[in-house]
Colleague: 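Would you mind keeping the following structure in view while I ask a few things?
Chain letters run A, B, ... following the sequence lines, proteins first, then strands; residues in each count from 1.
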There are 2 protein chains.
Amino acid sequence: MVELSRRRAIEDVASELFSAHGYAATSVRDIARVLDIQGPSLYAHVTSKEDVLWAIVDRAATRFETAAEAAVASGAHAGQDPAAALAALVRAHVRVITDDVGAAAVFVHEWRALAGERRAGVLGRRDAYERRFRDLIEAGIATGDFEMTDSSLAATAVLSALNGIPGWYRADGRLPANRVADHFVDLVMRMLLGASR
Amino acid sequence: MVELSRRRAIEDVASELFSAHGYAATSVRDIARVLDIQGPSLYAHVTSKEDVLWAIVDRAATRFETAAEAAVASGAHAGQDPAAALAALVRAHVRVITDDVGAAAVFVHEWRALAGERRAGVLGRRDAYERRFRDLIEAGIATGDFEMTDSSLAATAVLSALNGIPGWYRADGRLPANRVADHFVDLVMRMLLGASR
DNA sequence: CCTACCGATCGGTAGG
DNA sequence: CCTACCGATCGGTAGG
């Protein structure tokens with residue numbers, strides 16, 4: 001966590017605290033204390049506590065979207081192999097989480113604390129993101145690669161399982177990030193692939 | 001949500017509010033307002049805000065444990081058919097969630113707000129509960145019913161997927177609780193069963 | 001980035 | 001179950 005800018009350092013500290021204790025249970029002074037400054041001094045860099053949350057959530061959402069776009073568009077399977085595309089999407093999702101567990105946890109759990117348009121915007125982007133999973137599952141069923149299933153429930157189940165990762169993954173834990181991704185790709189493929197495998 | 005006792009009504013209202021906004025973001029006065037009483041009047045029935053949270057979490061944990069015990073111990077598959085036992089365990093877990101979505105969500109997400117022994121106790125019970133899933137997965141691998149996999153990661157993935165249910169399930173939604181359970185049993189079995197299926 | 005300070009709200013108590 | 005009230009803490013501002 002190198003300090004590129006003071007603003008960014010604030011967001012990184014806030015990510016850790018928000019993910020560990022929740023947005024509402026974290027005070028502005030808690031964040032300041034970690035940075036060894038006084039509470040009010042934070043406001044030289046940010047305009048409100050909610051702005052910090054928004055910055056974290058917006059950046060995390062963008063990272064998920066960018067990674068998904070790259071994963072699905074890349075390679076020989078562009079638009080023609082749903083199973084390979086879904087595997088790449090799962091792998092990209094795991095990587096975004098393991099690259100910044102705190103931010104991912106905040107994105108997944110703390111969007112409720114946002115108000116009005118920001119909250120609605122995040123929900124919309126989350127729906128669009130989930131639709132990528134659902135569409136690939138449906139495409140795989142259509143080609144006969146995947147067994148018949150409720151695509152909406154399956155997509156939600158897969159994303160819930162993936163989004164549980166911040167709850168147990170540790171960078172210095174038993175499984176390195178790449179192995180975690182391998183396992184999830186395996187589990188998802190087993191869950192969906194038909195007798196063709 | 002019938003009012004059996006005032007104390008229970010308080011816990012039911014608190015479950016709704018805690019699950020919707022989080023423990024820290026819910027004030028004692030918020031709970032009182034829904035019950036049409038004054039904030040301090042709550043303390044005629046409870047000793048602290050955290051006691052209310054604890055009551056909700058403890059009861060939910062007990063419901064999960066009791067349902068799991070009954071599911072695994074019952075029927076002809078007692079201790080001899082890991083796949084059938086795991087299916088029953090998944091079904092029981094879904095039922096506990098759909099029977100009281102608010103309490104389940106609080107159990108899954110708000111235990112962080114507990115302090116000291118209570119927090120440690122819940123974590124211990126959660127671990128023991130997860131071990132039921134892991135042990136059955138390992139037993140199924142040992143008998144050859146399930147394909148080889150990382151049992152710990154698989155158990156966590158399954159539970160994360162199930163615990164995502166409060167995030168989208170609605171009692172008056174597209175899928176009734178029984179169908180949700182059917183689908184999750186199917187997905188979990190597909191994920192784990194080997195070529196023997 | 002600091003000190004001094006603001007109004008609002010928090011969980012909870014006293015005393016009926 | 002109520003009114004009146006408590007000390008603590010909250011997010012944030014003023015003015016340097």
Colleague: Between atom CD in B:Gln38 and atom C1' in C:dC10, what is the gap in whole Å?
Modeller: 16 Å
Colleague: Heavy atoms only: give me the nearest A:Gly39-A:Arg29 pair and the separation to one decimal.
Modeller: CA-CG, 4.1 Å
Colleague: Could you identify the nucleotide paired to D:dG15, looking across every strand shown and requiring Watson-Crick or G-U wobble geometry with both distances under 3.5 Å?
Modeller: C:dC2
Colleague: Does D:dT9 have a Watson-Crick or wobble mate here (both distances under 3.5 Å), and if so which one?
Modeller: C:dA8
Colleague: For A:Arg7 and C:dC1, what is the distance between atoms CZ and P respectively, to the nearest whole Å?
Modeller: 14 Å
Colleague: Can you see whether B:Asp12 engages B:Ser15 through a side-chain donor-acceptor pair at a distance of less than 3.5 angstrom?
Modeller: no
Colleague: Please tell me whether B:Thr62 and B:Arg125 have a donor and an acceptor in their side chains that are separated by less than 3.5 angstrom.
Modeller: yes
Colleague: Between C:dC10 atom C1' and B:Leu53 atom CG, what is the distance in whole Å?
Modeller: 17 Å
Colleague: Nearest of C:dG12, D:dT13, D:dC1 to any side-chain atom of B:Pro40?
Modeller: C:dG12
Colleague: What is the separation between atom CD1 on A:Ile31 and atom C1' on C:dC1, rounded to the nearest whole Å?
Modeller: 17 Å
Colleague: Return the CZ to CD distance between A:Arg126 and A:Glu65, rounded to the nearest 0.5 Å.
Modeller: 13.0 Å
Colleague: Nearest whole angstrom, please: distance from the P of D:dC2 to the CZ of B:Arg6.
Modeller: 9 Å
Colleague: Name the one of A:Trp54, A:Phe64, A:Phe18 that satisfies ring pair (Phe, Tyr, Trp, His ring centres under 6.0 Å) with A:Phe107?
Modeller: A:Phe64
Colleague: Between C:dG12, D:dG11, C:dC2, which nucleotide has the shortest distance from any of its atoms to the side chain of B:Tyr43?
Modeller: C:dG12
Colleague: Going by number, which of residues 20-30 of chain A have a non-hydrogen atom under 4.0 Å from DNA chain D?
Modeller: A:Thr26, A:Ser27, A:Val28, A:Arg29
Colleague: Any salt bridge between A:Asp127 and A:Arg132, counting N to O under 4.0 Å?
Modeller: no
Colleague: Rounded to the nearest Å, what distance is computed from the CD atom of residue A:Glu50 to the P atom of nucleotide D:dG11?
Modeller: 12 Å
Colleague: Could you state the interatomic distance from CH2 (B:Trp111) to CG (B:Asp58), rounded to the nearest 0.5 Å?
Modeller: 16.0 Å
Colleague: Distance check needed: C:dT13 P versus B:Leu42 CG, whole Å only.
Modeller: 13 Å
Colleague: Nearest whole Å is fine: how far is C:dG11 P from B:Arg33 CZ?
Modeller: 11 Å
Colleague: Closest approach to the side chain of A:His45, judged atom by atom: which nucleotide of D:dC2, D:dG11, C:dC1 is it?
Modeller: C:dC1
